[in-house]
Amino acid sequence: MDYNFSEIEPRWQEYWREHHVYRTGDAGDRPHYYVLDMFPYPSGAGLHVGHPLGYIASDIYARYKRLHGYNVLHPMGYDAYGLPAEQYAIQTGQHPAITTEQNIARYREQLDKIGFSFDWDREVRTCDPKYYKWTQWTFLQLFKHYYDNGAGKAMPIAQLEARFAKQGTEGLDAACTEELAFTAEEWNTYDENRRQQVLMNYRLAYLADTYVNWCAELGTVLANDEVVGGLSVRGGYPVERKLMRQWSLRISAYAQRLVDGLEQVDWTDSLKEIQRNWIGRSEGAAVWFPLEMENGELRIENSADAGDNSQFSILNSQLKFEIFTTRPDTIFGVTFMVLCPEHELISEITTPEHKAEVEEYVTWAKNRSERERQAEVKKVSGVFTGAFAVNPLTNERIPIWVSDYVLAGYGTGAIMAVPAHDSRDFAFARHFNLPIRQVVSLEKDVTSDPATWTESMDAKTGYSVNSGFVTGMKVKEAMRAVIDKIEEMGIGHRTVNFRLRDAIFSRQRYWGEPFPIYYKGNMPCPVPEECLPLELPDVKEFKPTATGEPPLGHATRWAWDERQRCVVENSKIDNATVFPLELSTMPGFAGSSGYYLRYMDPRNDNEYFSAKAVGYWQNVDLYVGGAEHGTGHLIYARFWNKFLFDLGMAVKEEPFQKLINQGMIQGRSNFVYRSKADNNLYISKGLIKDMDEVTPIHVDINIVASDVLDIERFRAWRPEFADARFELEDGRYICGWEVEKMSKSMFNVQNPDDLVARYGADTLRLYEMFLGPVEQAKPWDTNGIEGVHRFLKKIWKLYDSNIDNQTSSKAALKVLHQTIKKITDDIERFSFNTSVSTFMICCNQLTDLGDGVGREVLEPLTVLIAPFAPHIAEELWHRMGHDTTICDAPWPEYDPQMLVEDTVKYPVQFNGKMRFMLELPADIDQAGVLDAVKAAPEAGKWLNGEPKKVIFVPKKIINIVC
RNA sequence: GCGGAUAUGGCGUAAUUGGUAGCCGCGCAAGACUUAGGAUCUUGUUCCGAGAGGAGUGGGGGUUCGAGCCCCCCUAUCCGCACCA
């Protein structure tokens, strides 16, 4: 009987579905294990072979854990909000909900064909009101909390209010947009509006003016990756930087914890490093530099011997500004200061004679798009303000410049420039001919003239020179000494800066979660939690409104009635009891930030998830997904989880214990070569003498098998190929190939359905694993799939002819036990490609053994294969007379005795040579080895005459080649 | 520029983690069975050499009895970040 996968696979898939075989149990005594895949965005293009790669790996592990007796949570769902469905809606008028629904149906169909063990009873969709209710709820909690640095966690905003009423900002250490200082008395005189403004400065979800990529033509803010070269990726419309009022999440408050948490998780070093870079922690100092106006309006007394007075004057100077530096030790080498073009001080300090020039520069710099600026990083630009600062340690006058190489978003937007020891300052100084002073030297007391330098000396090594009281110290010491000094002087302090910016949370789009926020005038008010979800209203048009409002501006029923506590018609807005609702929606990462928690208790309408559920499952044990989410989803989700942890909801601070990044699958394009001399002649790859004589043309990989072109299908593919003639080699047309991105335009997209139809799901599963290590990026290539398919046929045959054997030979059992050990080890280290090889070896060896294979061997082997090729395993399992599914079988244990014998006593045939390993006394010497070997009873049996080569190994093991 | 990774036959890869490199699969070659085969099976296949033998894990050096694996210096490719003070 032949291996008929197209009959077996759908039958078992149907059985599993009908009997809810993969439904997750609730708690119980069994140990738990949570295996999660990054849920997909259901795009119109459907799945390609890259998607299932990670799903197959996680499915293997989930099935393996089940066979090991674990209660496994292995859910799947859809990240269903997103731009493509909305763009499609704008073009066609079809509601994104319908498009999304269709795409989900197609995804589900494709996923089902591959035989995953997902618990579909727990499916979530981010666009489902029952799901986004909790996305909105979390947003409200973020709105209602602030981050208390002292407590090291999020605290209710009500506590902050109480504190303000009692002691103002006195002693407050909280994450905020801007440092504020007021007393309790002042607070108590503030009106409600003013108080709300103050609180907004602290909320973890806050409304603030932020620079964004604004695309007027599309009417929306775009993410950085949606903008290329100053133009929108979609449509190619110009994008400008614009200051807009936007919701943001104060993720920066969690920066330190996001760094620290990386210590606790089992992720690859490279991904941890990506996150560390993104968070960008730098230690250094904040220093205040007082200003000196040229015309003498403010002049700091020469403090060389003025003692406390000078410090007093610096501290009390209204005109001072704060800089951040990671190199406080170089403060003696400061030769100019630079402010970013957005710096508020510029207008105050610029002297009249420089005003025009500075204003022109600032206007120019501000209007440049982020992209333009980044593209011209090498170009030095800037302008002198006419103003001077005073170096608090040397009392030198230092010119203040403005330049866009200083960024508004980092530190304080102002720097002390040390051109000798910072490459950017160096370039600036050279360009504007500013002085350069060396203050660090590799060797003690040895300096050179910076005028001769071609580059700055940036390394944090060596000794301080020309640096007052730190001269002669090592750089590290000098840093400490300078910070101590400025702290003692009260003009600065040790501090840590992060590159991580707060996450902009508003999108001027329709297809996303609505904000549960309405506006009383300018004041945002939360919709009561009991009224959630605030459902996304229908609109007739998905474009921005004529007045430039987001698409939700088209909704006619999008107002909040405070008294009735429900959404009402816009016409009822009176700004007394009925108010307009927020028109922007949440970004894609909102719904994906907490979905793993919801899977634990997905049908709970009263809570995000129950304490019992999270208490049982804890967090995700294994998360599988692409590394491209390293700076997006994986940061947001960790932040989200930490916040919920602070609220006492999540029980683990880190959401994803172990993370495997599956490598990207690239496309492998095929080419035919058209002769330039004859437009209808196509030359097989091996016959081309000179590539200049032919034109390579992309050809659909679906009409090519193992680089051999299906000529008939090629002729039928497109009219212009109908009369194609071929120069064949060995009767075949061999195509060329190249690795490119998988894309429709290159005809190299491989759809898993085609492969399932042709070879079956089990073959696809095995082949995707066989391709190479899961983590490695690799081109998709079907050239080897036949071999894997052949293996399944062999396995089928092996069972077919041995299934009734009752006895097993010792050799067969040995093969089995070797296989058990190898497969178990392989799965534990996620080395699934070697597992497939192991199966093939096992199958070949058992086939060679012939009659000695019985059920004693075949049954455990079926269990081993089940995670990889569940359909064939299930079928064989039942053919062997079991009436429960293979999921209930126990994972076989190997007998170490069976393996020990093999490595120590018996020879192994290996590539035509006979090799042994023998245990020898520890104190044996090289000369004694041969005699010892000959004397060994185990060896004597196998040794015919003198061994060819004896390799002495100073351990207890010896290798002998005969 | 900074950071991370990778480099092994014609190709995808493997190597008990420092112990005789090239397992498994593809491809290729020869053969068997076949009216036929895009089926199945057998044998061979790192390179050079008829052979004995020699060379060999991107290149160069080092540690070691022993290195694909560890250390140093290059080279190439991929990925992430990019004026982050």
Side-chain angles (χ1 to χ4, degrees), chain A residues 2 268-278 280-282 284 323-327 330 338 340 373-374 376-380 403-407 409-418 421-425 427-428 458 497-501 627-628 630-631 661 663-664 666 705-708 710 730 732 737 739 766-767 770-773 775-779 781-791 793-794 797 821-822 825 829 831 833-844 847 899 903 910-911 913 915 917 926 948-955 957-961:
Chain A
D2 283 345
T268 61
D269 289 341
S270 86
L271 188 64
K272 285 186 187 181
E273 212 44 45
I274 286 173
Q275 291 216 338
R276 279 193 202 102
N277 286 345
W278 185 259
R281 182 181 195 277
S282 1
I323 60 98
F324 172 72
T325 178
T326 55
R327 293 297 300 274
T330 62
V338 187
C340 66
R373 207 183 53 72
Q374 283 178 17
E376 293 168 11
V377 158
K378 292 267 155 11
K379 269 194 190 169
V380 178
S403 173
D404 67 351
Y405 85 86
V406 174
L407 305 178
Y410 185 75
T412 55
I415 61 154
M416 62 176 214
V418 185
H421 305 290
D422 182 287
S423 52
R424 296 148 304 177
D425 298 345
F428 194 83
D458 293 12
N497 237 307
F498 294 94
R499 219 175 60 104
L500 184 72
R501 317 258 166 103
E628 66 270 19
T631 54
N661 294 120
M664 274 240 283
Q666 296 141 288
S706 300
D707 289 338
V708 177
D710 184 329
D730 305 326
R732 296 179 304 179
W737 60 274
V739 172
L766 283 169
Y767 185 60
F770 185 66
L771 220 45
E775 299 94 326
Q776 207 171 85
K778 57 217 154 205
D781 179 353
T782 44
N783 282 348
I785 198 166
E786 300 278 352
V788 172
H789 188 61
R790 213 167 282 150
F791 155 71
K793 286 200 253 185
K794 281 187 207 166
K797 219 167 119 188
K821 178 168 193 326
K822 187 73 186 355
D825 290 350
R829 44 187 193 112
S831 177
N833 54 330
T834 58
S835 310
V836 181
S837 294
T838 304
F839 282 129
M840 290 177 175
I841 294 165
C842 169
C843 179
N844 290 346
T847 305
L899 305 177
T903 50
F910 209 71
N911 218 15
K913 299 170 193 164
R915 297 170 186 199
M917 294 181 111
Q926 191 148 6
K948 250 186 200 170
K949 194 156 52 162
V950 176
I951 294 146
F952 178 75
V953 178
K955 276 187 192 170
I957 305 288
I958 178 170
N959 293 333
I960 301 159
V961 182

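First the proteins, then the strands, lettered A, B, ... as listed; each starts at 1. Both backbone and side-chain heavy atoms feed into the values below; hydrogens, waters and symmetry mates do not.
- Nearest to the side chain of A:Val406, among B:C83, B:A85, B:A82, sits B:A85.
- Pair check for B:U17 finds none; no Watson-Crick or G-U wobble contact set falls under 3.5 Å.
- Counting any heavy atom pair closer than 4.0 Å across all strands shown, A:Pro773 reaches sugar-phosphate atoms only and no base atom.
- In this entry B:G1 has B:C81 as its Watson-Crick or G-U wobble partner, both defining distances falling under 3.5 Å.
- Following rounding to the nearest Å, A:Asp269 (CG) and B:G3 (P) show an atom-to-atom distance of 15 Å.
- At the heavy-atom level, A:Gln776 lies under 4.0 Å from the strands shown only through sugar-phosphate atoms.
- Across all strands shown, A:Asn844 has heavy atoms under 4.0 Å from sugar-phosphate atoms exclusively, and none from any base.
- Residue A:Ser270 has its side chain nearest to B:G4 when only B:A85, B:G25, B:G4 are considered.
- In the set B:A82, B:A15, B:A85, B:A15 carries the atom at the smallest distance from any side-chain atom of A:Thr834.
- Across the P atoms, B:U46 and B:C11 are found 14 Å apart, a figure rounded to whole Å.
- Here A:Lys272 lies out of heavy-atom contact (under 4.0 Å) with every strand.
- Going from atom CZ of A:Arg829 over to atom P of B:U17 covers 10 Å, rounded to whole Å.
- B:U17: glycosidic angle within 90° of 0, hence syn.
- Ring geometry for A:Tyr405 versus A:Phe428: interplanar angle of 30 to 60°, hence tilted.
- Contacts of A:Ser282 with the nucleic acid, taken as non-hydrogen atoms under 4.0 Å apart, involve only primed sugar atoms and P, OP1 or OP2.
- Taking the P atom of each, B:G12 and B:G27 are spaced 15 Å apart, rounded to whole Å.
- A:Arg499 approaches A:Trp278 most closely through the heavy-atom pair NH2-CA, 3.2 Å.
- Here the side chain of A:Tyr410 is nearest to one of B:C41, B:G4, B:A85, namely B:A85.
- Counting any heavy atom pair closer than 4.0 Å across all strands shown, A:Ile841 reaches sugar-phosphate atoms only and no base atom.
- To the nearest whole angstrom, the two C1' atoms, one in B:C78 and one in B:C33, are 48 Å apart.
- In terms of position on RNA chain B, the residue among A:Glu628 and A:Leu271 whose nearest nucleotide sits closer to the 5' end is A:Leu271.
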Begin with the C-alpha distance, continue with both residues' side-chain angles, and end with the deciding distance and a verdict on side-chain contact (heavy atoms from CB on, under 4.5 Å) for A:Lys793 and A:Asp2.
CA-CA 8 Å; A:Lys793 286 200 253 185; A:Asp2 283 345; over 6 Å; no
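- Distances shown here put every side-chain N or O of A:Asn783 at or beyond 4.0 Å from the OP1 or OP2 atom of B:G25.
- Rounded to whole Å, the distance from NZ on A:Lys794 to P on B:U40 is 9 Å.
- Contact annotation: A:Lys778 does not reach the phosphate of B:G12 (side-chain N/O to OP1 or OP2, under 4.0 Å).
- The partner of B:U6 is B:A76, by the rule that a Watson-Crick or G-U pair needs both atom distances under 3.5 Å.
- Smallest separation of non-hydrogen atoms from A:Thr412 and A:Ile323: OG1-CA, 3.4 Å.
- Between A:Met840 and A:Val788, the closest side-chain pair of non-hydrogen atoms falls below 4.5 Å.
- When distances run from any side-chain atom of A:Asp422 to the nucleotides B:U40, B:A85, B:C81, the shortest one goes to B:A85.
- When the P atom is compared between B:U16 and B:A85, the two are found 42 Å apart, to the nearest whole Å.
- Pairing for B:U57 is absent, judged as Watson-Crick or G-U wobble with the two contacts each under 3.5 Å.
- Using P as the reference atom, B:G56 and B:C48 are 15 Å apart when rounded to the nearest Å.
- The C1' atoms of B:A7 and B:A14 are separated by 16 Å, rounded to the nearest whole Å.
- A:Lys822 comes within 4.0 angstrom of nothing in the nucleic acid, heavy atoms only.
- If you check every strand for non-hydrogen atoms under 4.0 Å, A:Arg790 touches sugar and phosphate atoms only.
- Base engagement by A:Arg501 is indicated by at least one non-hydrogen atom pair under 4.0 Å involving a base atom.
- Nucleotide B:G9 is shown with a syn base, its glycosidic torsion being within 90° of 0.
- Listed candidates were B:A39, B:A85, B:G12. Nearest to the side chain of A:Lys793 is B:A39.
- Between A:Gln666 and A:Thr326, it is A:Gln666 whose nearest contact on RNA chain B lies nearer the 5' terminus.
- The same atom, C1', is picked in B:C47 and in B:U63; the two are 29 Å apart, to the nearest Å.
- Using a 4.5 Å heavy-atom cutoff, the side chains of A:Asp458 and A:Arg327 are not in contact.
- Atom P of nucleotide B:C79 and atom CH2 of A:Trp278 are separated by 17 Å, given to the nearest angstrom.
- For B:U42, the paired nucleotide is B:A30, the pair qualifying as Watson-Crick or G-U wobble because both relevant distances are below 3.5 Å.
- Counting any heavy atom pair closer than 4.0 Å across all strands shown, A:Asp781 reaches no nucleic acid atom.
- Spacing between atom CG of A:Asn277 and atom C1' of B:G80 amounts to 8 Å, rounded to whole angstrom units.
- Contact record, A:Ser282 with A:Thr326: CB-CG2, 3.7 Å, taken as the closest heavy-atom pair.
- One can place CD1 of A:Ile323 at 8 Å from C1' of B:A85, the figure rounded to the nearest angstrom.
- The existence of a salt bridge linking A:Asp825 and A:Arg829 is excluded, since no basic side-chain nitrogen approaches an acidic carboxylate oxygen closer than 4.0 Å.
- For the pair A:Gln275 CD and B:C2 P, the computed distance is 23 Å after rounding to whole Å.
- Listed pair A:Asn661 / B:A5 fails the phosphate criterion, with no side-chain N or O lying under 4.0 Å from OP1 or OP2.
- Counting heavy atoms from C-beta outward, A:Met416 and A:Asp425 have side chains that stay 4.5 Å or more apart.
- Nucleotide B:G25 holds its P atom 10 Å from the CZ atom of A:Phe791, rounded to whole Å.
- Rounded to a whole angstrom, the distance from the P atom of B:C28 to that of B:C73 is 44 Å.
- Looking at heavy-atom distances under 4.0 Å, A:Ser837 makes contact with a base.
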